[in-house]
Amino acid sequence: MGRAYVYVILGGGVAAGYAALEFSRRGVGHGELCIISEESVVPYERPALSKGFLLPEAPTRLPSFHTCVGANEERLTPKWYNEHGIELVLGTRVKSVDVRRKTLLTSLGETISYKYLIIATGARALKLEEFGVSGPDAENVCYLRNVADATRLVEVMQSCPGGNAVIIGGGYIGMECAASMVINKMNVTMVFPEAHCMARLFTRKIANYYEDYYKSKGVKFIKGTVLSSFEKDSDGKVTSVVLRDGTKLLTDMVVVGIGIRPNTSLIEGQLTLEKGGIKVNGLMQSSNSSVYAVGDVATFPVKLFGETRRLEHVDSARKSAKHAVASLMAPNKTWDFDYLPFFYSRVFTLSWQFYGDNVGEVVHYGDFLGSTFGAYWVKNGYLVGSFLEGGTKEEYEAIAKATRLKPRIEDLAELERQGLGFAVLI
Ligand code: FDA
Ligand code: NAD
């Protein structure tokens with residue numbers, strides 16, 4: 001016999017923390033809710049790991065960034081969970097889930113049963129081995145998904161002050177780590193296969209701005225290629241990265257950020273999957289009505305686009321978690337999730353926000369030689385996406401509102417002429 005709960009949250013990341021806060025606000029009873037997490041600490045704001053955590057001066061450390069400080073809410077410390085009667089099973093991997101029997105089996109061999117399950121298992125970092133590169137298990141090759149990875153990355157960086165670092169991948173992890181490592185006075189070279197950085201979101205024009213800025217800080221870019229192998233010393237440490245064209249980069253450390261895969265393996269064959277995630281309806285409910293999915297692992301309907309999406313960003317994790325709990329605890333008062341996708345990043349003194357979808361025709365605006373510029377995406381004559389670098393709080397709110405309204409755009413040249421003013425005046 002194992003333990004039994006009304007609600008179990010599987011996974012202890014961002015979504016779990018925000019779900020816990022919502023459960024407590026809606027009056028969950030003591031002993032009714034349990035969070036099971038492989039990590040040994042209570043939920044924290046993962047975005048800090050590539051930003052404040054990596055700073056050389058006064059770095060951010062737990063407990064300061066436990067959820068839910070990222071949304072200016074309460075900071076949920078272990079004491080908070082204790083006071084609210086929320087049980088924590090930390091440092092414990094769930095090995096299997098049986099949705100028919102409503103049970104979970106932990107790595108310690110314990111069976112935990114639930115009435116309702118919220119799957120918040122997030123995602124794992126893709127490994128170079130999965131792309132056929134052998135030998136990346138060296139101690140100076142770092143990935144970045146959790147606080148243990150971030151702690152290791154800092155230790156490796158501190159073991160080679162002022163040294164060379166090669167960053168594999170030109171996405172979010174690559175860009176944010178490159179900036180943080182330059183601030184640590186490392187010599188950074190970024191290697192990625194695309195023609196420009198942040199290819200999933202940025203246009204070439206936007207990417208050029210950030211690449212030029214990074215170059216002015218000493219970052220080197222090697223684009224359009226991937227690594228083929230590592231060379232190591234007799235201690236097994238990587239000493240150089242060999243690229244597909246034969247170029248050899250001498251290095252003291254390597255950081256890899258080549259994308260993620262949602263952690264769905266526990267429920268494969270039991271729940272419907274779509275777009276790599278667990279398919280849920282507007283209440284965040286999966287194909288089994290007792291199981292909900294939230295955060296990076298959930299593929300949910302985005303009303304605004306009229307299609308489903310799986311998003312890998314913190315705002316969506318926070319809000320989808322809150323929505324799932326509302327659906328569970330007040331089913332008659334909860335409507336379908338109506339989410340406006342929101343992504344952001346902060347590097348050096350730069351800061352951008354993006355709302356909506358980056359499809360269709362692009363209209364750039366603003367001063368690409370200065371510090372405030374952006375872009376709109378227009379699909380089938382409607383504004384569907386907005387990007388802004390260097391905006392004020394009010395300007396970011398304006399692009400969010402404009403994107404949510406999805407206005408008709410008759411004339412792209414006029415939109416370009418009005419630029420940010422279009423959103424501000426809408
Ligand atoms: P999350 O990954 O946070 O949590 C999943 C949890 O489940 C983990 O604790 C994991 O250990 C646990 N788990 C998984 N399988 C398990 C099992 N079988 N048994 C037990 N536990 C299990 N986004 C953004 O919008 N802006 C930003 O600036 C950043 N910055 C950023 C930096 C870094 C370094 C990363 C890695 C990610 C970001 N993100 C981001 C993305 C954002 O952090 C991400 O979208 C959310 O953390 C997703 O929240 P989830 O709760 O879904 O997964
Ligand atoms: P990503 O998808 O943003 O970027 C992956 C990058 O890997 C691609 O841009 C590409 O350049 C590169 N790549 C792919 N295959 C490769 C290969 N075989 N060899 C070399 N390079 C290859 O993923 P990420 O940067 O690893 O980020 C991981 C997750 O963390 C994402 O979910 C992301 O949303 C999240 N994250 C978000 C933020 C943010 O929103 N500000 C910040 C950090 C991390």
Side-chain angles (χ1 to χ4, degrees), residues 9-19 35-51 53-54 67 70 89-97 104 106-107 118-128 130-133 143-150 153 167-177 180 190-202 223 225-228 243-244 255-266 277 293-298 310-318 320-321 341-347 352-354:
I9 302 175
L10 167 48
V14 171
Y18 283 80
I35 298 177
I36 312 173
S37 178
E38 197 175 7
E39 293 189 75
S40 56
V41 290
V42 300
Y44 55 86
E45 302 286 356
R46 209 163 294 281
L49 300 180
S50 50
K51 305 175 188 68
F53 198 95
L54 302 183
T67 59
V89 180
L90 300 180
T92 304
R93 183 170 175 72
V94 170
K95 271 174 42 182
S96 63
V97 177
L104 314 172
T106 73
S107 51
I118 298 185
I119 302 183
T121 45
R124 65 174 180 84
L126 278 171
K127 295 287 158 81
L128 283 169
E130 297 172 63
F131 294 88
V133 178
Y143 289 83
L144 184 56
R145 183 69 202 178
N146 55 36
V147 76
D149 295 337
L153 199 159
I167 294 184
I168 308 291
Y172 287 95
I173 293 282
M175 292 302 279
E176 293 188 2
C177 285
S180 298
M190 293 186 69
V191 180
F192 50 84
E194 296 94 350
H196 63 74
C197 70
M198 292 288 293
R200 283 208 291 164
L201 178 64
F202 289 1
K223 302 187 268 186
T225 189
V226 290
L227 87 166
S228 64
L243 306 183
R244 197 167 275 174
V255 176
V256 186
I258 56 171
I260 61 167
R261 280 289 175 277
N263 290 319
T264 55
S265 61
L266 290 172
V294 294
D296 281 11
V297 81
R310 192 184 60 74
L311 300 175
E312 301 174 355
H313 293 276
V314 75
D315 183 65
S316 137
R318 292 170 182 158
S320 61
F342 165 47
F343 318 152
Y344 72 89
S345 185
R346 288 189 299 273
V347 286
W352 60 258
Q353 295 192 7
F354 170 81

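We use all heavy atoms of the structure for the numbers below, so side chains are in, but hydrogens, waters and symmetry mates are not. Order of appearance sets the numbers: ligands from 1, and atoms from 1 within every ligand.
Considering backbone and side-chain atoms together, G257 places an N or O closer than 3.5 Å to an N or O of ligand 2. An N or O contact shorter than 3.5 Å links E176 to ligand 2 by distance. The shortest N/O to N/O separation between L128 and ligand 2 does not fall below 3.5 Å. Geometrically, ligand 2 and D296 share no nitrogen or oxygen pair separated by less than 3.5 Å.
With S345, P193, G170 as candidates, the residue nearest to atom 21 (N) of ligand 2 on a non-hydrogen basis is P193. The option from V133, L144, V226, V191 that lies nearest to atom 19 (N) of ligand 2, judged by heavy atoms, is V226. Residue I173 holds the heavy atom nearest to atom 24 (P) of ligand 2 of all those in V314, I173, L311.
Closest heavy-atom contact between V294 and A15: CG2-CB, 3.7 Å. For H196 against K223, the heavy-atom pair with the smallest separation is CA-CD, 4.1 Å. Nearest heavy atoms, L227 versus L128: CD2-CD2, 3.7 Å.
For ligand 2, the atoms closer than 4.0 angstrom to any heavy atom of I260 are 28 (C), 29 (C), 32 (O). Every atom of ligand 2 with a heavy atom of R200 under 4.0 Å away is listed here by number and element: 1 (P), 2 (O), 3 (O). Of all atoms in ligand 2, numbered sequentially from 1 with element shown, those under 4.0 Å from a heavy atom of G171 are 3 (O), 4 (O), 6 (C), 9 (O), 25 (O). Every atom of ligand 2 is numbered from 1 in the order shown, and the set under 4.0 Å from a heavy atom of F192 is 11 (O). Ligand-side atoms of ligand 2 in range of Y344: 39 (C), 40 (O), 41 (N), range being under 4.0 angstrom from any heavy atom. Listed by number with element, the atoms of ligand 2 under 4.0 angstrom from any heavy atom of H313 are 34 (O), 40 (O).
Summarising the geometry, atom SG belonging to C177 is positioned 6.0 Å from atom CG belonging to L153; distances are rounded to the nearest 0.5 Å. In this structure, L243 CG and T225 OG1 are separated by 5.5 Å, a value rounded to the nearest 0.5 Å. Atom CD1 in I9 sits 5.0 Å away from atom CD1 in I118 (nearest 0.5 Å). Interatomic distance, I36 CD1 to L90 CG, rounded to the nearest 0.5 Å: 10.5 Å. Between the OG1 atom in T121 and the CD atom in E38 there is a gap of 10.5 Å [rounded to 0.5 Å]. Between the CD1 atom of I258 and the NZ atom of K127 there is a distance of 9.5 Å, given to the nearest 0.5 Å.
Residues S50 and Y172 are not in side-chain contact: their nearest non-hydrogen atoms beyond the backbone lie 4.5 Å or more apart. The side-chain heavy atoms of C197 and M190, taken from C-beta on, include no pair separated by under 4.5 Å.
Contacts of F192 classified as ring-ring contact (aromatic ring centres under 6.0 Å, His included), with partners at least two apart in sequence or in another chain: none.
The nearest heavy-atom contact from the protein to atom 34 (O) of ligand 2 is E312 O, 2.9 Å. Considering only non-hydrogen protein atoms, atom 43 (C) of ligand 2 sits nearest to Y172 CB, 3.4 Å. The protein non-hydrogen atom at the shortest distance from atom 20 (C) of ligand 2 is I168 CG2, 3.5 Å. With respect to atom 16 (C) of ligand 2, the closest heavy atom belonging to the protein is I258 CG2, 3.8 Å. What sits closest to atom 11 (O) of ligand 2 on the protein, heavy atoms only, is E194 OE1, 2.6 Å. Looking from atom 26 (O) of ligand 2 to the surrounding protein, the closest heavy atom is G259 N, 2.8 Å. Counting protein heavy atoms only, atom 12 (C) of ligand 2 is closest to G169 CA, 3.7 Å.
Within 6.0 Å of atom CZ in R124, more than 12 heavy atoms from other residues, nucleotides or ligands are found, so the atom counts as buried in its surroundings. Atom CZ of R261 has 12 or fewer heavy atoms from other residues, nucleotides or ligands within 6.0 Å.
Side-chain contact, Y44 with E39: a donor N or O sits under 3.5 Å from an acceptor N or O.
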Can you list every pair where an N/O of ligand 1 is under 3.5 Å from an N/O on the protein?
unit_1: ligand 1; atom_1: 2 (O); unit_2: R46; atom_2: NE; d: 3.2
unit_1: ligand 1; atom_1: 2 (O); unit_2: R145; atom_2: NH2; d: 2.7
unit_1: ligand 1; atom_1: 3 (O); unit_2: V14; atom_2: N; d: 3.2
unit_1: ligand 1; atom_1: 3 (O); unit_2: R46; atom_2: NE; d: 2.7
unit_1: ligand 1; atom_1: 3 (O); unit_2: R46; atom_2: NH2; d: 3.2
unit_1: ligand 1; atom_1: 4 (O); unit_2: R46; atom_2: NH2; d: 3.4
unit_1: ligand 1; atom_1: 7 (O); unit_2: A120; atom_2: O; d: 3.4
unit_1: ligand 1; atom_1: 9 (O); unit_2: E39; atom_2: OE2; d: 2.6
unit_1: ligand 1; atom_1: 18 (N); unit_2: V94; atom_2: O; d: 3.2
unit_1: ligand 1; atom_1: 19 (N); unit_2: V94; atom_2: N; d: 2.9
unit_1: ligand 1; atom_1: 21 (N); unit_2: E38; atom_2: N; d: 3.0
unit_1: ligand 1; atom_1: 23 (N); unit_2: V314; atom_2: N; d: 3.3
unit_1: ligand 1; atom_1: 25 (O); unit_2: H313; atom_2: ND1; d: 3.4
unit_1: ligand 1; atom_1: 25 (O); unit_2: V314; atom_2: N; d: 3.0
unit_1: ligand 1; atom_1: 28 (O); unit_2: K51; atom_2: NZ; d: 2.5
unit_1: ligand 1; atom_1: 30 (N); unit_2: K51; atom_2: NZ; d: 3.1
unit_1: ligand 1; atom_1: 45 (O); unit_2: D296; atom_2: OD1; d: 2.7
unit_1: ligand 1; atom_1: 45 (O); unit_2: E312; atom_2: O; d: 3.4
unit_1: ligand 1; atom_1: 45 (O); unit_2: H313; atom_2: N; d: 3.2
unit_1: ligand 1; atom_1: 51 (O); unit_2: V14; atom_2: N; d: 3.3
unit_1: ligand 1; atom_1: 51 (O); unit_2: A15; atom_2: N; d: 2.8
unit_1: ligand 1; atom_1: 52 (O); unit_2: D296; atom_2: N; d: 2.9

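The aromatic rings of F343 and H313 lie parallel to each other, their planes meeting at an angle below 30°, with 60° marking the opposite boundary.
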